[in-house]
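We name chains A, B, ... by the order of the sequence lines, and we start the count at 1 in each one.
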Amino acid sequence: MGTQQRSITLNGEQRSTSAANVADLVQQLELDIRQIAIEHNRIILARPSYEKTPLRDGDAVEIVSFIGGG
Amino acid sequence: MDAIRQENSVDELVIAGRRFMSRLLVGTGKYRDMAETKAAIEASGAEIVTAALRRVDLSAVHDVKLHDVIDPKKYTYLPNTAGCYTAEEAVRTLRLARELGGWSLVKLEVIGDRKSLFPDVPETLKAAELLVKDGFDVMVYTVDDPKICKELETRGCCAIMPLAAPIGSGLGITNPRTIRTIVEQSSVPVFVDAGVGTPSDAVIAMELGCDGVLMNTAIAEAGNPVLMARAMRLAVEAGRMAYLAGRMPKRADASPSSPTRGLIT
């Protein structure tokens, strides 16, 4: 299960991942969960639902954070 | 001095029930690096900082981030919608921002034109309505048109932020009379957002009765941003005090400052 590769669109780019769900993906990318927000197939995810959101082929994931801006 | 301090201690800025001492709001963009961002923002004395929401750079996840230098526990982050051209994009961005940090106080800007960065007013009105219904406290960037400003207030925006000149232009307060009209008609705080280039512009905005000033480029693109941040802090304070004090009337002719009685003749 964990080694199965899925093809997803992550921040606009095609990527192959072994992550089974969004929480796995965040961990693999070494992201600080407190500094990001995530959209899965255009739906905004609350942090507790990362684990409950499985990744499937063709999914679109957007991971955003704050940067300097006016 | 005590009187001034006392005056200041009660002169709070209240936005949607949140209380602040500083009337200078600053952006966090365009600095050379994070160290300069931190130093300039500290020097500005600002308590509210705007920030943009963007895709995480997955090739640089361990770089120093805005959060690392500007502590979200110490500063009020004001998520913006810079780069959004439709109400839909703006609402999507701010919902993500709310999910990120729980912030409901937001800066709405829907851009209408890439060259002038003037707002798209119909989309701004639409987004404002959606966001207010969704529970956001919306501080809105708009044109310096009193009718539009009133309309945004009617739709529930908690602060009206007319531009004084195009974003990043540094041209100053191009229409002081309209800014004054907007201040006079508004029952929510009014901020000049965009156009300030130098401290005298900030003083003018405050003397006109604005509740505060929001700026980024004027500090970030100064020769010495940290020194300019201090200058802007003082300018906003000076302009505010002058507004509260009430300026002398203008006269067509001179009026001697020394008594004319008791002159040696």
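Interface remark: Ile33(A) contributes no atoms to any contact with chain B (heavy atom separation under 4.5 Å). Heavy atoms of Ile36(A) lying under 4.5 Å from chain B belong to its backbone as well as its side chain. Interface residue Ile67(A): backbone and side-chain heavy atoms are both found under 4.5 Å from chain B. Interface remark: Leu58(B) contributes side-chain atoms only to the contact with chain A (heavy atom separation under 4.5 Å). Within the 4.5 angstrom heavy-atom criterion, no atom of Pro72(B) approaches chain A.
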Can you list the steps and then say if Phe66(A) with Val49(B) is a side chain to side chain contact (heavy atoms under 4.5 Å, CB included)? CA-CA 12 Å; Phe66(A) 278 125; Val49(B) 298; over 6 Å; no
Would you check, one step at a time, whether the test side chain to side chain contact (heavy atoms under 4.5 Å, CB included) holds for Ile63(A) with Leu29(A)? CA-CA 11 Å; Ile63(A) 306 180; Leu29(A) 295 169; 3.9 Å; yes
Report the C-alpha distance between Val143(B) and Phe118(B) in whole Å, list the side-chain angles of each, state the deciding distance to 0.1 Å, and finish with yes or no for side chain to side chain contact (heavy atoms under 4.5 Å, CB included). CA-CA 7 Å; Val143(B) 282; Phe118(B) 262 45; 4.2 Å; yes
Using the side chain to side chain contact (heavy atoms under 4.5 Å, CB included) rule, take Ile15(B) and Ile48(B) through it: C-alpha gap first, then chi angles, then the decisive distance, then the call. CA-CA 11 Å; Ile15(B) 309 168; Ile48(B) 301 176; 3.8 Å; yes
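Between chain A and the residues Ala82(B), Gly29(B), Gly27(B), the largest count of heavy-atom pairs under 4.5 Å involves Gly29(B). Contacts with chain A were tallied for Leu96(B), Val26(B), Leu66(B); Leu96(B) has the most, counting heavy-atom pairs under 4.5 Å. Between chain B and the options Gly70(A), Gly69(A), Gly68(A), the largest number of non-hydrogen pairs under 4.5 Å is found for Gly69(A).
Between Val188(B) and Cys158(B), the shortest heavy-atom contact is CB-O, 3.5 Å. Between Thr124(B) and Pro119(B), the closest heavy-atom pair is OG1-CB, 4.3 Å. When all heavy atoms are compared, the tightest approach of Leu94(B) to Pro79(B) is CD2-O, 3.7 Å.
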Distance-only donor-acceptor screen, chain B against chain A, under 3.5 angstrom:
residue   : atom : partner  : partner atom : Å
Thr28(B)  : N    : Gly69(A) : O            : 2.8
Thr28(B)  : OG1  : Gly69(A) : N            : 2.9
Thr28(B)  : OG1  : Gly69(A) : O            : 3.3
Thr50(B)  : OG1  : Gly69(A) : O            : 3.0
Ala52(B)  : N    : Ile67(A) : O            : 2.9
Ala52(B)  : O    : Ile67(A) : N            : 2.8
Arg54(B)  : N    : Ser65(A) : O            : 3.0
Arg54(B)  : O    : Ser65(A) : N            : 2.9
Arg55(B)  : NE   : Glu62(A) : OE1          : 2.8
Arg55(B)  : NH1  : Asn11(A) : O            : 3.3
Arg55(B)  : NH2  : Glu62(A) : OE2          : 2.8
Val56(B)  : N    : Ile63(A) : O            : 2.9
Val56(B)  : O    : Asn11(A) : ND2          : 3.2
His62(B)  : NE2  : Glu30(A) : OE1          : 2.8
Asn80(B)  : ND2  : Gly70(A) : O            : 2.3
Arg92(B)  : NE   : Glu39(A) : OE1          : 3.2
Arg92(B)  : NE   : Glu39(A) : OE2          : 2.6
Arg92(B)  : NH2  : Glu39(A) : OE1          : 2.6
Leu100(B) : O    : Arg47(A) : NH2          : 2.6

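A donor-acceptor pair is defined here as one N or O able to donate and one able to accept, closer than 3.5 Å; such a pair exists between the side chain of Ser22(B) and the backbone of Leu24(B).
With rounding to the nearest 0.5 Å, the separation of CG in Leu163(B) from CG in Leu117(B) is 10.0 Å. The line from SG of Cys149(B) to CD1 of Ile160(B) is 6.0 Å long, rounded to the nearest 0.5 Å.
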